[in-house]
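Accompanying notes for the structure given below.
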Amino acid sequence: MIFGENGALRVMVAVSARGLMKAVSNRVGRWRRQIGGIVQRWWPRQCVLCASTRHPEGLCAGCRRDLPMCLSACPRCALPGTGGETCGRCLKRPPAFDGTTALFSYDYPVDRLIQRLKYASDFGVADALAQYVVGAVARPSVDVIVPVPLHPARLAERGFNQAVEIARPLAQAWEIALVTRGVARLRRTDDQVGLALSARRKNLRHAFSCEAKLDGARVLIIDDVMTTGATLDALALCLKRAGAASVCNLVIARTPLR
Ligand SMILES: [Zn+2]
Ligand SMILES: [Zn+2]
């Protein structure tokens, strides 16, 4: 296609106007999410599940009792139902991480809560889940907390990283340093649905980079959901290569192997 000088100019103006509109809409979206987050955090707290009011911890006692706990799990990968023993998969091919704590199995209503956090920017859910963790889990003996980083494209799309939103109040409550800089996701790894575990692992090789100084540090990785564990395995390997002495995971929910 040939454009005259004016035609070419019009195309350039149209392209840059589209870019500007996209940048403005991204910025407005980010402000909206930030303001929404501030309002949610300071408004009188309701239970995030049944909406009964005056629950400063974000989850009422009745709803807490009904949550699907992740029980008798493998200490290494939190696979439920192993009677607390190390599962066959971890024995056969030990992952790079040293242990995993999963609070819940990824079932109703925890799945809905996590989806509300991720897709509806409901930061009250992150706070409620973090408060639950602080009440249920002893302060871990670690030096730093590393939330699983999102790929920059995904972060730009969503405007926040749900793992950071959960990790920040935990780091504050436990007074543990939070590392969000220097650990990066280099490859989009969220399109792995349908891949076998070995294919996922291959796809995840070199998915992360770490420039943070972790010499001898005991690291706790935080994430919202653990599926096969391949992502956490790849991140743990990367952190150990960066000098971490030990790497454990704390995840809100664990999907059973299907
Ligand atoms: Zn409730
Ligand atoms: Zn296991």
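Note: hydrogens, waters and symmetry copies are ignored here, and every other heavy atom, side chains too, is used. Just follow the structure's listing: the first ligand is 1, and inside any ligand the first atom is 1.
Between Cys60 atom SG and Cys50 atom SG, the angle centred on the Zn ion (ligand 1) amounts to 110° (nearest 10°). Around the Zn ion (ligand 1), the angle linking Cys63 (SG) with Cys47 (SG) is 110°, rounded to 10 degrees. Here the Zn ion (ligand 2) is the vertex; the SG atom in Cys74 and the SG atom in Cys87 give an angle of 120° (to 10°).
Partner Val183 forms a side-chain contact (heavy atoms from CB on, under 4.5 Å) with one of Pro149, Pro147, Cys238 and no other, that one being Pro149.
Asp107 and Arg112 are not joined by a salt bridge, as no carboxylate oxygen comes within less than 4.0 angstrom of a charged side-chain nitrogen. The pair Asp111-Arg116 fails the salt-bridge criterion, with no side-chain N (NZ, NE, NH1 or NH2) lying under 4.0 Å from an Asp/Glu carboxylate O.
Of all non-hydrogen atoms in Arg76 and Thr100, the two that sit nearest each other are O-OG1, 2.7 Å.
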